[in-house]
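Because only heavy atoms are used, hydrogens play no part in the values below, and waters and symmetry mates are left out as well, while side chains stay in.
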Amino acid sequence: ITLQWREVPCIERNGDIIGYTVRYSISGSNITLRHYSDIVATLVELIPFANYSIEVAAVNINGTGPFSTPVYLRTDGDTPSGMPQEVTIVDTTSTKITLQWREVPCIEQNGDIIGYTVRYSISG
């Protein structure tokens, strides 16, 4: 995600701005702080399909100013990073095998699961 913001108005700076702090988190998780020297920041290594809260504060030689009003966004989805759980054979006949499984854990879905692919081979 690339962010951009406006500089703090001169009247509110209380000194020369030497950088910015970006604070971001997923609901209920630890807060991450990153420091930037410009009014543009790229956040990397984010979790796919997650809701983030992002705030920015200006920094001068006296410290960090107040943080902006949060901006909320959801990152794009990605392919699942996990697999279905507890795959079991429920029934078999001479021409059919019925399987059942539990879904991919939520944290590993990385988006909406729209289907499953069953792969099989004949051994013998």
ask   = Which pairs, with at least one residue in residues 53-77 and sequence neighbours excluded, count as a ring pair (Phe, Tyr, Trp, His ring centres under 6.0 Å)?
value = none

task = Identify the two heavy atoms, one from Ala58 and one from Val8, that lie closest to each other, and give their separation to 0.1 Å.
result = CB-CG2, 3.5 Å

request  = Using atom types as modelled and distance alone, determine if a side-chain donor or acceptor of Thr88 lies under 3.5 Å from a backbone N or O of Val90.
outcome  = no

remark   = Interatomic distance, CD1@Ile17 vs CD1@Ile39, rounded to 0.5 Å, equals 12.0 Å

inquiry  = Would you say Ile47 ends up clustered with Ile1 if hydrophobic residues are merged whenever their side chains have heavy atoms under 4.5 Å apart, either directly or through other cluster members?
reply    = yes

key: Within 6.0 Å of CG in Asp112, more than 12 heavy atoms from elsewhere   = no

ask   = Is there a donor-acceptor contact under 3.5 Å from the side chain of Asn60 to the main chain of Arg13?
value = yes

ask   = Do the side chains of Leu99 and Val118 get nearer than 4.5 Å, heavy atoms only?
value = yes

ask   = Once you round to the nearest 0.5 Å, how far does CZ of Phe49 lie from CZ of Arg74?
value = 4.0 Å

task = Any ring pair (Phe, Tyr, Trp, His ring centres under 6.0 Å) involving residues 7-31? Give me the pairs, sequence neighbours left out, ordered by first then second residue.
result = Trp5-Tyr20

remark   = Sorted by chain and residue number, the side-chain hydrogen bond (donor to acceptor under 3.5 Å, both in side chains) partners of Arg102 (sequence neighbours excluded) come out as Glu86

Test item: Ile54 and Leu73 side chains (from C-beta on) under 4.5 Å apart, heavy atoms = yes

key: Gly65 to Ala57 - nearest heavy-atom pair and separation   = O-CB, 3.5 Å

Atom CD1 of Ile97: over 12 foreign heavy atoms under 6.0 Å = no

Ile61 side, atom CD1; Asn14 side, atom CG - distance, nearest 0.5 Å = 11.0 Å

inquiry  = Looking at Ser81, is its backbone amide N or carbonyl O close enough to the side chain of Glu108 to form a donor-acceptor pair, meaning the two atoms are under 3.5 Å apart?
reply    = no

request  = Not counting sequence neighbours, which residues clear side-chain hydrogen bond (donor to acceptor under 3.5 Å, both in side chains) with Thr2? List them please.
outcome  = Thr42

query = Is any side-chain heavy atom of Gln85 closer than 4.5 Å to a side-chain heavy atom of Pro105?
reply = yes

task = Find the distance between CG (Asn110) and CG (Asp78) and round it off to the nearest 0.5 Å.
result = 5.5 Å

query = Which heavy-atom pair separates Pro70 from Ser53 by the least distance, and what is that distance?
reply = CB-OG, 3.6 Å

query = Would a distance-only check, ignoring hydrogens and angles, find a side-chain to backbone donor-acceptor pair under 3.5 Å from Thr64 to Val59?
reply = no

key: Atom CG of Asn51: over 12 foreign heavy atoms under 6.0 Å   = yes

query = Asn30 and Ser25: which non-hydrogen atoms are nearest, and at how many Å?
reply = O-CB, 3.5 Å

remark   = The side-chain hydrogen bond (donor to acceptor under 3.5 Å, both in side chains) partners of Thr21 (sequence neighbours excluded) come to His35

request  = Taking the side chain as every heavy atom from C-beta outward, state whether Leu3 and Val40 have any atom pair closer than 4.5 Å.
outcome  = no

ask   = Please, which pairs that meet salt bridge (Lys or Arg N to Asp or Glu O under 4.0 Å) have at least one residue in residues 21-48, sequence neighbours excluded?
value = Arg23-Glu55

